[in-house]
Amino acid sequence: MLDLKLIRENPERVAKALRDRRQSIDIQPVLDLDTSKREKLAAVEDLKRQRNEASKAIGLVKRQGGDAGAAMARMKEVSDSIEALDNELREIDERLKALLLNIPNIPHESVPVGAGEEDNPVVRTWGEPRTFGFTPLNHWDIGEKLGIVDFDRAAKIAGARFAVMKGAGARLERALINFMLDLQTSRGYMEMLPPFMVNRDSMQGTGQLPKFEDDLFHVDDGFLLIPTAEVPVTNYHRGEILREEDLPVRYTAYTPCFRREAGSYGKDTRGLIRQHQFDKVELVKFARPDNSYEELEGLLNDAEEVLRRLALPYRVVTLCTGDLGFSAAKTYDIEVWLPGQARYREISSCSNFEDFQARRAEIRYKPAVGKGTALVHTLNGSGLAVGRTLVAVLENYQQADGTVTVPEALRQYMGGLERIA
RNA sequence: GGAGAGAUGGCCGAGUGGUCGAAGGCGGUUGACUCGAAAUCAACUGUGGGGGUGACUCCACCGGGGGUUCAAAUCCCUCUCUCUCCGCCA
């Protein structure tokens, strides 16, 4: 959510940001509602002041045994006016909030202006894609031949976009989770294991609601399945005031993630790339506003480190304004090389949300010097998407004989196993 | 699932219709005393919003929402959460 003051005082800046994002949202209704809200607010507050004063006087008169009937009758009318104005105000507030909740974040000044994916500049490339003496297979062929991934039975027991991991495949998934958690906790992140279902307030806090209801799985009893650990972990501090000396607060969490993938029919229908349920190790930071962009670079580096340790070639791109997610001010995507597709595919997304989520979720900190409180900046990134990392391992480490070499870094998590055969 | 109890400021805890934004204590900040510290004493110490260049001022907030009343932390309804006992369960 944007600061209403910012929209009021810099409407041009907000309008430009929306244009850069290729969004056709008109902010004029927001400005109009804001104006009429403040007019009515001044009027009703004045009436309330009158009522407060009169009520005190009435109390005084009654305690002295006097008759305050006339004043009470007068105040009854004032109270009726207040009720009417309050109702109008409530309606305006609801409309205003509905509009504000659907306005995306303003891109950071360093974000390149562009229309879509094709305009995302590459920041850096790491590692050399391996040359194969044979035609590299897709991960689903590798997995099915080795008997470590089963899509058919997953479709039977659940449906499309599910997979059953088996034997060394299940072990590999678990090894990756443990490897990532061990790595990130050693780099200063506190491990967390949060609920996999949350309430609507949490979804609104991080920006999934109200706009992206269709992307979420709903559970009976009103819970929603998390599409990312970002939701429970960021909302962990919802409504709280953090101490400046504790910043930046860093958490890492493994969770499964659940996404309906509505609107992505026909995309990545085969394989593990796009599933309704997938594992992810997430990184979340709460930072001071003045250094949150340094924290973003650090978080990105922490995510990249996973791929470097696994010796998987990757590149980093900056999302341009047209490709930026709703809540993000700036996002780097890490894309891993997939020999089976002969291209780079997203494996992590690292974002600074500035105070956009913090304002929705009311996450603040108390500066060590000076008065008052300020909103923190929230950041998060995948460190990494486990399923896609498993895909990258299978495809990059496949051998001519159909076996897959286990990356050095994972062997201690696989009971010393060197090769999946 | 059944029965009961509760939710008040950073923390503990008073307050059952009127000068209560809320006693008291703890914690914190500042000052006095001290060579310094402790102890003691004093003052200050919540959040959000509106108006004003400003000193400042007004409004709201006692778990969330709604209601009764001239007036609600206090009365009523409802939701959420916590605790105790019983049942069930991994």
Side-chain angles (χ1 to χ4, degrees), chain A residues 1-9 30-101 193-205 209-210 219-224 232 235-247 249 286 355-376:
Chain A
M1 193 161 64
L2 296 181
D3 186 2
L4 190 50
K5 264 187 203 156
L6 176 79
I7 302 176
R8 184 189 304 150
E9 288 162 15
V30 173
L31 296 170
D32 293 343
L33 281 174
D34 177 46
T35 304
S36 94
K37 175 190 168 174
R38 282 185 298 150
E39 276 169 14
K40 292 197 191 302
L41 199 58
V44 78
E45 284 190 352
D46 188 59
L47 289 177
K48 283 181 179 173
R49 181 186 53 76
Q50 287 178 37
R51 183 178 68 184
N52 287 344
E53 286 169 2
S55 287
K56 273 183 192 174
I58 290 169
L60 209 61
V61 168
K62 295 196 98 168
R63 233 171 305 124
Q64 290 166 347
D67 175 25
M72 280 162 62
R74 248 194 335 272
M75 280 309 111
K76 173 68 178 161
E77 287 176 28
V78 172
S79 280
D80 289 346
S81 309
I82 289 173
E83 198 185 346
L85 270 173
D86 265 342
N87 285 337
E88 289 178 43
L89 263 175
R90 195 178 315 162
E91 201 213 324
I92 290 173
D93 256 336
E94 276 167 17
R95 280 156 61 195
L96 195 52
K97 194 160 190 206
L99 291 180
L100 283 176
L101 284 173
L193 188 62
F196 303 159
M197 292 186 268
V198 300
N199 56 35
R200 300 186 68 86
D201 285 345
S202 293
M203 287 294 187
Q204 183 173 295
L209 290 181
V219 171
D220 222 354
D221 300 321
F223 296 118
L224 299 121
N235 279 282
Y236 182 71
H237 288 303
R238 173 152 48 88
E240 295 186 11
I241 300 172
L242 308 176
R243 300 188 313 172
E244 178 173 358
E245 57 263 42
D246 293 335
L247 300 180
V249 174
F286 302 83
D355 62 14
F356 188 85
Q357 293 180 327
R359 183 171 296 105
R360 288 171 164 245
E362 292 180 87
I363 308 169
R364 293 167 288 178
Y365 75 102
K366 189 177 263 308
V369 290
K371 280 190 72 78
T373 59
L375 295 167
V376 300

>> For B/rG18 and A/K56 - does any side-chain N or O of the residue sit under 4.0 Å from the phosphate oxygens OP1/OP2?
In response: no
> Given B/rG18, is OP1 or OP2 found less than 4.0 Å from the side-chain N or O atoms of A/N52?
Replying inline: no
In whole angstrom, give me the gap between the [atom1] atoms of [N] and [M].
| N | M | atom1 | answer |
| --- | --- | --- | --- |
| B/rG10 | B/rG66 | C1' | 30 Å |
| B/rG13 | B/rA22 | C1' | 13 Å |
| B/rG9 | B/rA5 | C1' | 24 Å |
| B/rU78 | B/rA60 | C1' | 22 Å |
| B/rU74 | B/rU8 | P | 14 Å |

Within the 4.0 Å heavy-atom criterion, would you say [X] contacts the bases, only the backbone, or no part of the nucleic acid?
| X | answer |
| --- | --- |
| A/R200 | nothing |
| A/R90 | sugar-phosphate |
| A/I58 | base |
| A/R51 | sugar-phosphate |

> Could A/D34 and A/K37 be called an ion pair, given the rule that one side-chain N must be under 4.0 Å from one carboxylate O?
Replying inline: no
> Pick one: which of A/L2, A/L100, A/T35 meets side chain to side chain contact (heavy atoms under 4.5 Å, CB included) with A/V30?
Replying inline: A/L100
> Of A/M75 and A/R49, whose closest RNA chain B nucleotide lies nearer the 5' terminus?
Replying inline: A/R49
> Under a 3.5 Å cut-off on both pairing distances, which runs of 3 or more consecutive Watson-Crick or G-U pairs involve RNA chain B?
Replying inline: B:1-7 with B:80-86, B:10-12 with B:24-26, B:27-32 with B:40-45, B:46-51 with B:56-61, B:63-67 with B:75-79
> So which nucleotide from B/rU19, B/rG49, B/rG18 ends up closest to the side chain of A/K62?
Replying inline: B/rG18
